Protein chains: 2
Amino acid sequence: MVSRADAVREKLEELIIEGAFASGERLDETTLSKKFNVSRTPLREAFQALAASGLLDLQTRRGAFVRHPAFDEVIEMFEVMAEMEAFCGKLAARRITQNTLHALSETVVLCEAAVESDDINGYYNANETFHFLIYEASGNAFLSKEARKLHRQLKPFRRMQLKVRGRLNQSLAEHRMVLDALVAGDSDSAADILRDHVAIQGTKFNDLIVSYRRASQKAATA
Amino acid sequence: MVSRADAVREKLEELIIEGAFASGERLDETTLSKKFNVSRTPLREAFQALAASGLLDLQTRRGAFVRHPAFDEVIEMFEVMAEMEAFCGKLAARRITQNTLHALSETVVLCEAAVESDDINGYYNANETFHFLIYEASGNAFLSKEARKLHRQLKPFRRMQLKVRGRLNQSLAEHRMVLDALVAGDSDSAADILRDHVAIQGTKFNDLIVSYRRASQKAATA
DNA sequence: AAACCAATCCTTGCATACAAGACGCTTGAC
DNA sequence: GTCAAGCGTCTTGTATGCAAGGATTGGTTT
């Protein structure tokens with residue numbers, strides 16, 4: 001059975017990640033409890049959980065505020081994610097099984113198909129599976145869990161930069177290289193490729209922000 | 001102002017880490033709420049928070065169970081911690097300030113004094129400061145926060161292995177080497193030394209567990 | 001004697017009522 | 001006209017009551 005608090009958390013999480021709320025917006029308990037048809041108690045439990053994963057900022061006696069990570073923080077998170085993936089890759093190169101290798105190569109095929117048909121969502125999903133498989137293959141359940149958590153937190157920002165022209169093809173090529181390194185059992189190379197593969201996402205994201213800021217500055221001075 | 005829920009969380013956390021409850025023990029809401037003189041509501045909020053940090057296992061309609069990480073999981077956590085520290089060290093070697101370097105060398109002096117007087121607690125505290133300073137010096141606030149979190153989770157297990165004979169001196173020597181590498185700005189070397197410094201803690205912990213198990217097995221067959 | 005089923009009790013999940021703090025608005029004074 | 005203080009309202013924090021889902025125990029059957 002799934003508790004109402006859990007259901008509410010899930011729904012709210014989706015809304016926040018989708019960007020349904022402005023950053024810094026205060027979430028009113030009464031309003032939301034009406035919207036979800038639950039009392040304030042399970043809603044508050046959901047708030048707690050969301051605060052734990054960093055999506056809300058709970059201030060005593062003041063309320064729950066939506067917390068889209070600041071851009072600087074996202075850059076930092078990509079920096080950590082890169083290193084984490086590298087470590088996963090390093091371990092995975094030594095510990096991965098034939099079965100998982102097979103599953104991995106299948107996700108690469110899916111990615112190829114998605115690139116063919118310019119299906120960003122399709123690519124996005126296959127990409128996620130690809131990375132999760134590697135986390136799992138690290139053979140370190142704790143690491144895998146943490147990596148998934150961080151991956152999830154970066155979800156909306158990864159999505160943004162996937163839309164940059166040409167990135168899909170490049171990303172796919174990187175996936176192929178990772179797969180090759182894992183097949184070869186070359187842990188250093190797997191680590192390095194994965195590190196760059198993720199780091200470049202942070203860089204692309206940064207580029208995006210800079211261009212955004214330039215645009216808004218121009219608009220302001222015009 | 002600090003809410004009662006926060007106060008309860010803090011107190012409970014302390015109790016769990018201290019080992020006041022058996023692993024897997026179920027925490028009764030009514031009993032505990034009486035003990036802390038609060039209602040079940042803030043207590044339940046505290047449960048949520050503790051579950052988020054991994055100290056409790058909340059099962060729907062069944063209750064809250066104390067969750068001391070399994071030994072295997074602790075080993076995994078040390079593995080991740082080692083890599084995280086290595087990354088902190090790598091960044092810190094490039095970004096550390098004179099002030100922080102100075103503060104670091106002071107903690108080394110404190111560690112020396114603690115070793116002299118065989119003061120495990122003193123060493124323990126100075127050791128913590130040493131590591132936290134390095135996290136901070138990474139210049140990546142997100143990384144620093146995550147590293148502190150993991151460090152905290154490993155607290156009780158680190159403490160255990162510090163009691164092994166000769167470990168204090170060895171640890172101190174490693175601290176000196178880390179400091180040297182940071183002063184020299186040698187990021188690779190700082191990373192490697194820190195990785196080993198932490199990994200060895202996991203190894204020592206593992207040794208401890210193995211010897212425990214042997215002992216209890218002997219006792220059982222005797 | 002053991003196993004299974006049922007009924008009761010106990011515990012959690014949720015709703016609601018109440019208390020207390022924060023924010024805003026109004027009013028008065030300088 | 002502006003600033004500050006006080007009061008009122010609104011929102012969060014906490015307590016408690018009620019409902020629903022497990023667990024346990026006792027009885028019955030094989």
Side-chain angles (χ1 to χ4, degrees), chain A residues 1-70, chain B residues 1-70:
Chain A
M1 178 236 184
V2 56
S3 64
R4 303 194 194 188
D6 281 349
V8 169
R9 180 192 52 70
E10 217 156 304
K11 188 67 191 153
L12 257 181
E13 188 173 64
E14 210 180 301
L15 285 173
I16 294 175
I17 288 183
E18 270 177 6
F21 305 104
S23 190
E25 184 176 342
R26 187 179 133 272
L27 299 184
D28 187 85
E29 294 184 354
T30 322
T31 312
L32 277 178
S33 65
K34 271 177 196 155
K35 178 169 174 179
F36 289 127
N37 266 336
V38 296
S39 81
R40 284 176 47 225
T41 310
L43 188 79
R44 285 171 60 84
E45 295 203 354
F47 278 9
Q48 294 269 123
L50 291 169
S53 60
L55 289 172
L56 282 186
D57 184 19
L58 288 180
Q59 293 181 26
T60 317
R61 285 267 174 218
R62 306 229 17 242
F65 298 86
V66 175
R67 205 179 103 70
H68 295 158
Chain B
M1 180 233 183
V2 55
S3 63
R4 303 194 196 186
D6 281 348
V8 169
R9 181 192 51 71
E10 215 156 306
K11 189 64 191 155
L12 257 180
E13 188 174 63
E14 209 180 303
L15 285 173
I16 294 175
I17 289 183
E18 270 178 6
F21 305 104
S23 189
E25 183 175 345
R26 188 180 133 273
L27 299 185
D28 188 83
E29 294 184 357
T30 323
T31 313
L32 277 178
S33 65
K34 269 178 196 152
K35 178 168 173 180
F36 289 126
N37 265 337
V38 295
S39 82
R40 282 174 50 227
T41 309
L43 189 79
R44 284 170 61 84
E45 296 207 351
F47 277 10
Q48 295 269 124
L50 291 169
S53 59
L55 289 172
L56 282 185
D57 184 17
L58 252 45
Q59 294 181 25
T60 318
R61 286 266 172 219
R62 305 222 24 238
F65 299 86
V66 175
R67 208 180 100 69
H68 295 158

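Note that the structure is a prediction, hence the values are computed from the model and not measured. So you know, we letter chains A, B, ... as the sequences are listed, proteins then strands, and number each from 1.
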Which nucleotide sits closest to the side chain of [X]: [options]?
X       : options                : result
B:Arg62 : D:dT14, D:dG22, C:dC14 : D:dG22
A:Arg44 : C:dC23, C:dT12, D:dT14 : D:dT14
A:Arg61 : D:dT14, D:dA23, D:dG13 : D:dG13

With [X] via side chain to side chain donor-acceptor pair (under 3.5 Å) - residues at least two apart:
X       : result
A:Glu25 : none
B:Glu45 : A:Arg44
A:Asp28 : A:Arg26, A:Thr31
B:Glu10 : none

Axis-to-axis angle between the two ends of the helix from C:dA1-D:dT30 to C:dC30-D:dG1 (five base pairs per end, rounded to 10 degrees)
10°

Taking only nitrogen or oxygen atoms into account, show me every contact under 3.5 Å that the protein makes with nucleotides 8-10 of chain C, one pair per line with its distance.
none

Within residues 33-41 of chain A: residues closer than 4.0 Å to DNA chain C (heavy atoms)
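A:Val38, A:Ser39, A:Arg40, A:Thr41 - these, ordered by number, are the residues of the stretch whose heavy atoms sit under 4.0 Å from the strand.
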
Can you give me the closest heavy-atom contact between [X] and [Y], atom names plus distance?
X       : Y       : answer
B:Phe65 : B:Gly24 : CD2-O, 3.4 Å
B:Glu13 : B:Leu50 : CB-CD2, 3.8 Å
A:Ala49 : A:Arg9  : CB-CD, 3.3 Å

Give the rounded distance in Å between these two atoms: [atom1] of [X] and [atom2] of [N].
X       : N      : atom1 : atom2 : value
A:Leu58 : D:dG13 : CG    : C1'   : 12 Å
A:Leu32 : D:dT11 : CG    : P     : 12 Å
B:Gln59 : D:dG22 : CD    : P     : 12 Å
B:Arg9  : D:dT14 : CZ    : P     : 13 Å
B:Glu45 : C:dC14 : CD    : C1'   : 14 Å
B:Leu43 : D:dT16 : CG    : P     : 14 Å

Side-chain donor-acceptor pairs under 3.5 Å in residues 35-43 of chain A, sequence neighbours left out?
unit_1	atom_1	unit_2	atom_2	d
A:Ser39	OG	A:Thr41	N	3.2
A:Arg40	NE	A:Glu29	OE1	2.9
A:Arg40	NH2	A:Glu29	OE1	3.0

If you define the side chain from C-beta out and look only at heavy atoms, does anything of A:Val66 sit under 4.5 Å from A:Leu56?
yes

Side-chain touch A:Leu12/A:Phe21, heavy atoms, less than 4.5 angstrom
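Touching, per the 4.5 Å side-chain cut-off.
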
Using only modelled atom types and a 3.5 angstrom limit, is any donor from either the side chain of B:Arg4 or the base of D:dT14 paired with an acceptor on the other?
no

side-chain hydrogen bond (donor to acceptor under 3.5 Å, both in side chains): which pairs involve residues 50-59 of chain B, sequence neighbours left out?
B:Asp57-B:Gln59, B:Gln59-B:Arg62

Categorize A:Leu27 for me: base, sugar-phosphate, or nothing, with a 4.0 angstrom heavy-atom threshold over every strand shown.
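Since only primed, P, OP1 and OP2 atoms lie under 4.0 Å of A:Leu27, the category is sugar-phosphate.
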
